[in-house]
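Each remark here refers to the structure printed beneath this line.
Computed from a prediction, not measured in an experiment: that's the story for all the values here.
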Amino acid sequence: MAEIICEPKNLISSETCADRGGWYIGFYAKYSEIDWADMASDALLFDQTNQEILGFTMVGGATWKKIEPRKRGATYNFNYTSATGFYECNAACIFDSKDRDRRNNLQYAIQCCDLVVVLFGNNGKKRVIGVDWNGEEFSRPVDNFRISQHNDQGGDLGTSTSTDDLAWQGNQLFAPLFADVARSIFPS
């Protein structure tokens, strides 16, 4: 397939009126833990015509890690501007309450600066953030996707509860890909 270049195509709005926003679960791995060359060459893992991920090849026994926040407040947006020439990719989520394991796991995740994240939307669609596809090959994004902010807040008696609020950010040349992957390929 040829590299993605200027070519006018139809842009048509969906008539679906029940397209729920937000996401309910996600999975993340390091960019280097995925065999992108294998995926690009395997039609069962990547549909080059429709630019859609159908599966993943993990390297050396690597596994996806689960992100399961509260549903309300789990959002994403991908904003392109011609001034920058890339998409600013943002995701956010909130975890209720506090526990030692999540605190410790967050400290490790925050140190990662090359994440690929698969988000399962409340509308049934899945998006993959942290990798670019230029029409010929996968590549690292302009700025790697990572946790950019963690607000560890204790709440206020009578007005708010304790939460961990996360923001993820990165920049890509192209909009994050869609994926047609089964939930069952990821850990429970």
Side-chain angles (χ1 to χ4, degrees), residues 4-31 34 36 46-47 50-54 56 64-96 102 105-106 109-135 138-153 160-161 163-181 183 186:
I4 298 172
I5 58 170
C6 175
E7 183 180 341
K9 301 273 188 180
N10 293 328
L11 304 172
I12 302 168
S13 183
S14 173
E15 295 182 18
T16 303
C17 38
D19 192 2
R20 292 186 175 98
W23 55 279
Y24 67 94
I25 196 167
F27 298 89
Y28 73 102
K30 291 169 49 175
Y31 180 94
I34 302 166
W36 297 106
F46 185 66
D47 178 346
N50 293 307
Q51 299 180 32
E52 185 173 46
I53 292 175
L54 306 174
F56 293 92
W64 293 93
K65 306 303 183 251
K66 184 166 46 172
I67 310 163
E68 194 168 11
R70 85 161 68 138
K71 284 186 183 180
R72 189 180 294 256
T75 64
Y76 68 79
N77 67 68
F78 312 133
N79 184 39
Y80 175 85
T81 64
S82 59
T84 63
F86 55 75
Y87 284 84
E88 183 178 300
C89 302
N90 298 289
C93 61
I94 301 168
F95 298 92
D96 291 315
R102 184 173 62 240
N105 292 344
L106 274 168
I110 287 169
Q111 302 309 309
C112 298
C113 62
D114 65 339
L115 299 177
V116 172
V117 179
V118 180
L119 297 179
F120 283 67
N122 292 319
N123 58 8
K125 297 177 176 107
K126 297 127 192 147
R127 299 299 292 270
V128 181
I129 313 165
V131 61
D132 263 328
W133 172 256
N134 69 6
F138 289 108
S139 65
R140 289 184 179 273
V142 174
D143 296 307
N144 290 337
F145 201 64
R146 66 183 307 158
I147 296 173
S148 59
Q149 183 177 8
H150 171 217
N151 184 12
D152 182 340
Q153 62 172 337
S160 63
T161 60
T163 61
D164 284 309
D165 303 359
L166 291 185
W168 309 64
Q169 202 274 326
N171 298 308
Q172 298 185 196
L173 291 175
F174 300 96
L177 294 163
F178 281 92
D180 183 6
V181 292
R183 168 68 180 83
F186 297 96

Does any non-hydrogen side-chain atom of [Y] lie less than 4.5 Å from one of [X]?
{"X": "Leu173", "Y": "Asn134", "answer": "no"}
{"X": "Trp168", "Y": "Cys93", "answer": "yes"}
{"X": "Phe86", "Y": "Pro141", "answer": "no"}
{"X": "Asn144", "Y": "Arg146", "answer": "no"}
{"X": "Trp133", "Y": "Ile53", "answer": "no"}
{"X": "Lys65", "Y": "Asn105", "answer": "no"}
{"X": "Ile34", "Y": "Trp64", "answer": "yes"}

If you look at every heavy atom in [X] and [Y], which pair is closest and at what distance?
{"X": "Ile25", "Y": "Lys66", "value": "CD1-CD, 3.6 Å"}
{"X": "Ala109", "Y": "Leu115", "value": "O-CD1, 4.5 Å"}
{"X": "Val116", "Y": "Gly130", "value": "CG2-O, 3.8 Å"}

Nearest 0.5 Å please: distance from the [atom1] atom of [X] over to the [atom2] atom of [Y].
{"X": "Asp164", "Y": "Arg102", "atom1": "CG", "atom2": "CZ", "value": "4.5 Å"}
{"X": "Asp96", "Y": "Arg72", "atom1": "CG", "atom2": "CZ", "value": "11.5 Å"}
{"X": "Thr75", "Y": "Ile94", "atom1": "OG1", "atom2": "CD1", "value": "8.5 Å"}
{"X": "His150", "Y": "Ile110", "atom1": "NE2", "atom2": "CD1", "value": "6.0 Å"}
{"X": "Gln153", "Y": "Thr163", "atom1": "CD", "atom2": "OG1", "value": "3.5 Å"}

Would you find a donor on one side and an acceptor on the other, under 3.5 Å apart, between the side chain of [X] and the backbone of [Y]?
{"X": "Asp47", "Y": "Glu52", "result": "no"}
{"X": "Asn171", "Y": "Val142", "result": "no"}
{"X": "Asp180", "Y": "Leu54", "result": "no"}
{"X": "Trp36", "Y": "Tyr31", "result": "yes"}

### Query
Cation-pi between Arg127 and Phe178: NZ/CZ under 6.0 Å from ring centre and within 45° of the ring axis?
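That pair qualifies as a cation-pi contact.
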### Task
Test side chain to side chain contact (heavy atoms under 4.5 Å, CB included) on Tyr28 and Ile147 and set out the steps.
CA-CA 11 Å; Tyr28 73 102; Ile147 296 173; over 6 Å; no
### Task
Report the C-alpha separation of Phe46 and Phe138 in whole Å, then their side-chain angles, then the decisive distance to 0.1 Å, and conclude whether the ring pair (Phe, Tyr, Trp, His ring centres under 6.0 Å) test is met.
CA-CA 11 Å; Phe46 185 66; Phe138 289 108; 4.8 Å; yes
### Query
Crowded around Arg183 CZ? As in, over 12 foreign heavy atoms under 6.0 Å?
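Count over threshold, so yes.
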### Query
Can you tell which of Tyr24, Trp23, Phe27 makes a side chain to side chain contact (heavy atoms under 4.5 Å, CB included) with Ile67?
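It is Trp23; the other options fail the test.
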### Query
So, Glu88 versus Asn90: side-chain donor-acceptor pair below 3.5 Å or not?
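The answer is yes; a qualifying pair exists.
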#### Entry: Aromatic centroids of Phe120 and Phe186 separated by under 6.0 Å
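For Phe186 and Phe120, the ring centres are under 6.0 Å apart.
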### Task
Go through Ile129 and Gln172 one step at a time and tell me if the side chain to side chain contact (heavy atoms under 4.5 Å, CB included) criterion holds.
CA-CA 9 Å; Ile129 313 165; Gln172 298 185 196; 3.6 Å; yes
